[in-house]
Q: 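Dropping the structure in here first, questions after.
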Amino acid sequence: MTDTMIGVIGGSGLYEIDGLQAAEWVTVETPWGDASDQILTGTLDGVKMAFLPRHGRGHVHSPTEVPYRANIDALKRLGVTDVISVSACGSFREEMAPGDFVIVDQFIDRTFAREKSFFGTGCVAHVSAAHPTCQRLGDACQTAAKDAGINVHRGGTYLAMEGPQFSTVAESKMYRESWGADVIGMTNMPEAKLAREAELCYASVAMVTDYDSWHPGHGAVDISAILATLQGNSNNGAELIRRLPKLLGDQRATCPHGCDRALEYAIMTAPEKRDPALLAKLDAVAGRVLG
Ligand SMILES: CSC[C@H]1O[C@H](OP(=O)(O)O)[C@H](O)[C@@H]1O
Ligand SMILES: Nc1ncnc2[nH]cnc12
């Protein structure tokens, strides 16, 4: 058993959380540059917590410019074991209405202007992304949402787009009708893939703000429609987070789904061909397997 540390990545509208004991904003240095902001650490119901605002306090970083690698490295370096990603999203399903939460379990990655891996020349690794979210964490998020009185949907495919502009009507219809996506946002990729490379359990709570641009009865999404639901969603997101420590407990066993062993057979580069400089940068993310 090891200590649980819940890492929350707060999305648009969620820039801090209340109620942590011994709360302190700390700076974590990483070999991948600066994280989005300092990280708020503390305990909640006896469980260690770390909260990182994805876009920084004051919403500084665009979805493309969020330092995803530094964020995941910083959480890992702090000792985080379980990452809960909280995000605003558009919906492609009538029944996933603004104000509802979706516990996402799959992704379609349409991002193209981001660093997507900790690995590369000098240390090549291929982890599985087939099941990119942790079922155990998803269960806890679903229970927490229900207990908080939130209308929650279990399972859904999140299309990660580059942004920052919203989709065209043609794209919105294609993602919904041909690609089978359920929700759309701009940030869960490569975040989820990087969490997997770092052997962190990862769950995504997508909070619906709008129907994107496909819905004949709702017109095209714009930021004012999003802002109208963002505050209520963020309050509910904070309620969900408050319930997680009791559900997850202060000790955790090895992940039954293998998230914490993703690198076990993933590294392809022969030991004598590995680049010492890259290995040094991988100390937190891959230290378990690189020794
Ligand atoms: C505020 S509208 C678009 C913006 O909101 C979402 O951010 P996050 O995923 O961090 O909650 C979406 O992905 C866009 O970045
Ligand atoms: N419709 C939408 N598209 C992309 N990101 C979003 N975030 C919130 N709503 C969104």
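In listed order, ligands and their atoms are each counted from 1. Since this is a predicted model, take the numbers as computed values, not measurements.
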Q: Which ligand 2 atoms are under 4.0 Å away from a heavy-atom of D212?
A: 1 (N), 2 (C), 3 (N)

Q: Assess the side chains of N235 and E239: does a donor N or O sit below 3.5 Å from an acceptor N or O?
A: no

Q: Considering non-hydrogen atoms of the protein only, which is the closest contact for atom 5 (N) of ligand 2, and what is the distance?
A: G185 CA, 3.5 Å

Q: Cut-off 3.5 Å, side chains only: do T143 and R243 have a donor facing an acceptor?
A: no

Q: Evaluate the criterion salt bridge (charged side-chain N to carboxylate O under 4.0 Å, His left out) for residue pair D212 and R176; output intermediate values, then yes/no.
A: CA-CA 10 Å; D212 202 46; R176 168 185 143 77; over 6 Å; no

Q: Which of the atoms of ligand 1 are close to H55, meaning less than 4.0 Å from one of its heavy atoms?
A: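 Once the distances to H55 are compared, the set is 7 (O), 8 (P), 10 (O), 15 (O).
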
Q: How far is atom 8 (C) of ligand 2 from its nearest protein heavy atom, and which residue and atom name does that atom have?
A: T209 OG1, 3.4 Å

Q: Got a sec: does the CG of D45 have more than 12 other heavy atoms crowding it under 6.0 Å?
A: yes

Q: Where is the nearest protein heavy atom to atom 9 (O) of ligand 1: which residue, which atom, and how far?
A: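 The closest heavy atom on the protein side is T187 OG1, 2.6 Å.
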
Q: Out of S12, G13, P63, A88, whose heavy atom sits nearest atom 15 (O) of ligand 1?
A: P63

Q: Return yes if a side-chain donor-acceptor contact under 3.5 Å exists between T41 and E24, otherwise no.
A: no

Q: In ligand 2, which numbered atoms sit nearer than 4.0 Å to a non-hydrogen atom of I226?
A: 8 (C), 9 (N)

Q: When you look at CD of E177, are more than 12 heavy atoms from neighbouring residues, nucleotides or ligands closer to it than 6.0 Å?
A: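 Counting other residues, nucleotides and ligands, CD of E177 exceeds 12 neighbours.
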
Q: Could you say whether the N/O atoms of N188 and ligand 1 ever approach to under 3.5 Å?
A: no

Q: Any luck finding a side-chain donor-acceptor pair between K48 and T81 under 3.5 Å?
A: no

Q: Any idea which protein heavy atom is nearest atom 9 (N) of ligand 2, and the distance to it?
A: D210 OD1, 2.7 Å

Q: Looking only at non-hydrogen atoms, which of A225, P98, G163, A88 approaches atom 7 (N) of ligand 2 most closely?
A: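 Of the listed residues, A88 has the closest heavy atom.
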
Q: NE2 of H218: more than 12 outside heavy atoms within 6.0 angstrom?
A: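 Yes.
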
Q: Starting from atom 6 (C) of ligand 2, find the nearest protein heavy-atom neighbour and note its residue, name and distance.
A: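 Heavy-atom neighbour on the protein nearest atom 6 (C) of ligand 2: I184 O, 3.8 Å.
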
Q: Should you measure from each heavy atom of F166, which atoms of ligand 2 turn up under 4.0 Å away?
A: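 Near F166, meaning under 4.0 Å from one of its heavy atoms, ligand 2 has 2 (C), 3 (N), 4 (C), 6 (C), 10 (C).
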
Q: Could you tell me whether W32 and F118 have their ring centroids closer than 6.0 angstrom?
A: yes

Q: Looking at K246, I'd like to know if its NZ atom is crowded, meaning that more than 12 non-hydrogen atoms belonging to other residues, nucleotides or ligands lie closer than 6.0 Å.
A: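 Open.
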
Q: Only heavy atoms of R54, strictly under 4.0 Å: list the atoms of ligand 1 that pass.
A: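 Near R54, meaning under 4.0 Å from one of its heavy atoms, ligand 1 has 8 (P), 9 (O), 10 (O), 11 (O).
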
Q: Is C89 touching ligand 2 with its side chain, its backbone, both, or neither, if touching means heavy atoms under 4.0 Å apart?
A: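 C89 to ligand 2: backbone contact only, side chain stays beyond 4.0 Å.
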
Q: What residue and heavy atom of the protein are closest to atom 12 (C) of ligand 1, and at what distance?
A: M186 N, 3.8 Å

Q: Distance to 0.1 Å, residue and atom name: give those for the protein heavy atom nearest to atom 10 (C) of ligand 2.
A: G90 N, 3.4 Å

Q: Can you list the ligand 2 atoms lying under 4.0 Å from a non-hydrogen atom of M161?
A: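 Within the 4.0 Å cut-off of M161, ligand 2 contributes 4 (C).
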
Q: Quick one: which ligand 1 atoms are inside 4.0 Å of a heavy atom on G185?
A: 13 (O)

Q: Around K116, counting heavy atoms of other residues, nucleotides and ligands shown, do more than 12 lie under 6.0 Å from its NZ?
A: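 Yes, NZ of K116 has more than 12 neighbouring heavy atoms, counting only those of other groups under 6.0 Å.
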
